[in-house]
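Have a look at the structure below before the remarks.
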Amino acid sequence: MSRFKCYSVTVTLQTSFPISVLGLFLQLPRFYSVEVSAWRTRPGTFSTDHRDIVNEFTTYCYQKDIPKAMKALDSMQKHKLWADSITYAELIKCCISHRAIKEGKQVHQHVFSNGYEPKTFLINTLLNMYVKFNLLHEAQFLFDQMPERNVVSWTTMIAVYSNSECKYKALRLLIMMLRDGVSPNMYTYSSVLRASEDISTLKQLQCCIIKVGLELDVFVRSALIDSYCKWGEPKAALNIFDEMVTSDLVVWNSIIGGFAQNSDGDESLNLFIRMKRSGFWADQSTLTSVLRGCTSLALLELGRQVHVHVIKFDRDLVLNNALLDMYCKCGSLEDANSAFSRMDVKDVISWSTMIIGLAQNGYSQKAIDLFEAMRTSGIKPNYITILGVLFACSHSGLVNDGQYYFGSMKMLFGVDPGREHYGCMIDLLGRAGKLDEAMKLIHEMKCEPDVVTWRTLLGSCRVHRNMDLAEYAAKKVLSLDPHDAGTYTLLSNIYANSQRWEDVEKLRGLMKDRGIKKEPGCSWIEINKQVHAFLLGDKAHPQINAIHQALSQIIWRLKEEGYVPDTNFVFQDVEGEQMENSLAYHSEKLAIVFGIMSLPKGKAVRIRKNLRICGDCHVFAKLLAKVENRHIIIRDPIRYHHFQDGSCSCGDYW
DNA sequence: CTAGGGTTAG
């Protein structure tokens, strides 16, 4: 580094930091080293007093006495004395941990004054200080002025931008760093990986990592695993994970969390079991992901077991929020409520989770009441909270409340209505039979309606049997997503409702041409730590014969109670008896019957299914709950049905 | 002096 460049740093910095020009005036030689004798000032001017000042300063720095160190720094400044870099670095670290911003800046000013040339490592410490104080402009400014930048300098800045909104800046810095001839190390890569904005960038970075042989580092690997999971490729992440010779708890957490976030609860829980077998103990982060796995699979019993371990970390907000969500999504509002009231710190997510949980389980009024309680508690609702409230309104036909919250959300909570909020309103109006108003709202939307928007409208058309609008909406959906199997089914059911078997047939032909397979209905039930899955018309279950026998008996009993199978929900065009049979095979019926056979009397039957419940199964479950005196709970992809005493929590409105 | 994991919707 040339001398000229070095001095130019000092001069540039004068603009933002008042620096004594005396040092510049004196034109100190560059090789003048304060490291050699910390107490010396300028050749020929050292004295015992001066030595005492520097020694005092050094002592205070190591004692972490900031006020006294700053005083000593003042007199050093006055007498143009210097301590060594390590001492300054200690003081800066001390300022960081005490959040002493003003003092930190003073040290900065001091080490750049009077021609003292701070070593790169000392500037790095200052850089780190600004980052820790979140003074990113100051950090960037200092970085720009550095006469020499090493790996640490570059990595510090890359880490800043990797954690910020401008991730591309981190990648740009990496390129600049390479051009500058500085080799990135494992620290650099584990930071920059978080900045990858698509899968191809990620793969390029992975190539660089392999080329320089850094792929064995656990930090780099955990960053790779996270990134692949973030881009929806948990299988690629698992490959990287399985190649690892050694792993640690964080790496396990990355892969377990990765699958949980990609809603693969099954694989997430399998990995958790593997982790336990490898002798690792779960921490807060592991448990959060495991709970999320239980949530997506609706495994209440397993979730309860996890709860026992959660108690050890009962001050952890994120973990408790995951626990709340687990109880809500497993349909146990009693547990969710008591967990919620036991939390002494609650944030937006805690409240939102509870509001959404109440809404999905059919307690719309309670959801709205809780939202009002949240407003008085002083926690500001966000985008998702309001979505939960609108969801509550739409699922109970509370049109006035919904319109009130939707109309005033910008003014009251400062949240602009987004596509999802419009979606809830379209749902609300549509279900309430106000299809014209729903259509009007679609035209008023500030953002383009998407597949979900039209699918929502289509759902309302089905409820109100509005054939023309249904066909219009379905065409919109299929033009945006020609492979949406659910829409073909919905449209087909609408045709079937009005006996338009020819159109049903045409539609099936279209599906065949386009190679669209209807997702088979599937239901799951957890019994005694085992999950039993039932597919539509499935014969694979070991007790399938007994289940079918029990199911026919139950259907007979229910028919005596007035049950009439509703054949509108049969997809195929079949007749009479045969039609009833294909209804009987609906997976949720098999699962319910199996639950009643296997669970102790009085215990609630909890089912999770992949498709929305059909009207016939809904009637079936209501009657069965009454006859058997059982609480039957079915979770479909959107909401929950609590069947009790012959009625459902959704009030037949879904 | 620089690096890793977890929570709310659809």
Side-chain angles (χ1 to χ4, degrees), chain A residues 85-86 88-90 92-93 96 119-129 131-132 150-160 162-163 184-194 214 217-227 229 247-258 260-261 263 268 282-293 295 313 316-326 328-329 347-357 359-360 381-391 418-421 423-424 427 450-453 455-456 637-638:
Chain A
S85 307
I86 311 269
Y88 291 128
E90 280 304 316
I92 295 164
K93 276 192 271 180
I96 296 173
K119 303 227 155 156
T120 304
F121 116 85
L122 182 54
I123 308 179
N124 284 344
T125 310
L126 283 168
L127 206 57
N128 179 240
M129 177 185 81
V131 173
K132 291 276 158 64
N150 64 13
V151 212
V152 177
S153 332
W154 286 102
T155 304
T156 304
M157 291 316 289
I158 287 174
V160 166
S162 293
N163 294 320
N185 62 13
M186 56 274 247
Y187 289 87
T188 323
Y189 280 116
S190 64
S191 289
V192 80
L193 278 168
R194 304 173 58 97
L214 286 171
D217 184 78
V218 270
F219 280 79
V220 171
R221 288 226 164 182
S222 67
L224 273 172
I225 290 169
D226 279 337
S227 308
C229 290
S247 64
D248 63 9
L249 184 60
V250 176
V251 181
W252 277 107
N253 287 344
S254 299
I255 192 77
I256 293 171
Q261 282 154 42
S263 29
S268 169
D283 72 353
Q284 294 98 305
S285 174
T286 329
L287 292 176
T288 306
S289 299
V290 170
L291 280 174
R292 191 159 169 182
T295 305
F313 308 103
D316 191 308
L317 185 57
V318 174
L319 180 53
N320 272 293
N321 286 343
L323 184 73
L324 275 185
D325 193 39
M326 184 277 291
C328 288
K329 298 272 171 15
D347 66 356
V348 217
I349 296 183
S350 328
W351 289 93
S352 309
T353 305
M354 231 16 237
I355 290 166
I356 292 159
Q360 286 179 321
N382 66 12
Y383 191 94
I384 295 174
T385 324
I386 296 164
L387 211 52
V389 178
L390 295 180
F391 187 88
R419 192 179 276 142
E420 286 98 336
H421 297 107
C424 274
D427 197 42
D450 67 350
V451 197
V452 183
T453 316
R455 210 185 284 139
T456 306
I638 312 269

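Given the structure is predicted, the values throughout are model-derived calculations rather than measurements. A, B, ... follow the sequence lines: proteins, then strands. Residue 1 opens every chain.
Of all nucleotides listed (B:dG4, B:dA3, B:dG6), B:dG6 comes nearest to the side chain of A:Val318. Taking every side-chain heavy atom of A:Val251 into account, B:dG4 is the closest of B:dT7, B:dT2, B:dG4. Taking every side-chain heavy atom of A:Val152 into account, B:dC1 is the closest of B:dC1, B:dT8, B:dG4. Distances were taken from every side-chain heavy atom of A:Thr125 (C-beta onward) to each of B:dG6, B:dC1, B:dT2; the shortest belongs to B:dC1. Listed nucleotides B:dA3, B:dG6, B:dG10 differ in distance to A:Ser285; the shortest reach to its side chain belongs to B:dG6. For A:Ser289, the listed nucleotide lying nearest its side chain is B:dG6; candidates were B:dG6, B:dT2, B:dT7. Set against B:dC1, B:dG10, B:dT7, the side chain of A:Glu420 has B:dG10 as its closest nucleotide. Listed nucleotides B:dT8, B:dG4, B:dA3 differ in distance to A:Asp248; the shortest reach to its side chain belongs to B:dG4.
Applying the side chain to side chain contact (heavy atoms under 4.5 Å, CB included) test between A:Ser191 and each of A:Val160, A:Ile158, A:Val220 identifies A:Ile158 as the sole match.
The base of B:dT8 sits with one of its N or O atoms less than 3.5 Å from a complementary donor or acceptor on the side chain of A:Ser352. With hydrogens and angles ignored, no donor-acceptor pair under 3.5 angstrom links the side chain of A:Asn321 to the base of B:dG6. Side-chain atoms of A:Asn124 and base atoms of B:dC1 include a donor and an acceptor less than 3.5 Å apart. For B:dA3, its base sits under 3.5 Å from the side chain of A:Ser190 at one donor and acceptor pair at least.
Put simply, A:Arg292 has a side-chain N or O that comes within less than 4.0 Å of OP1 or OP2 on B:dT8. Between A:Gln261 and B:dT8 there is no side-chain polar atom (N or O) within less than 4.0 angstrom of OP1 or OP2. Distances shorter than 4.0 Å separate some side-chain N or O of A:Lys329 from OP1 or OP2 on B:dA9.
The ring pair (Phe, Tyr, Trp, His ring centres under 6.0 Å) search around A:Phe391 returns A:His395, not counting sequence neighbours. Qualifying salt bridge (Lys or Arg N to Asp or Glu O under 4.0 Å) partners for A:Asp226, counting only residues two or more places apart in sequence or in other chains: none.
A donor-acceptor contact closer than 3.5 angstrom links the side chains of A:Asp283 and A:Thr286.
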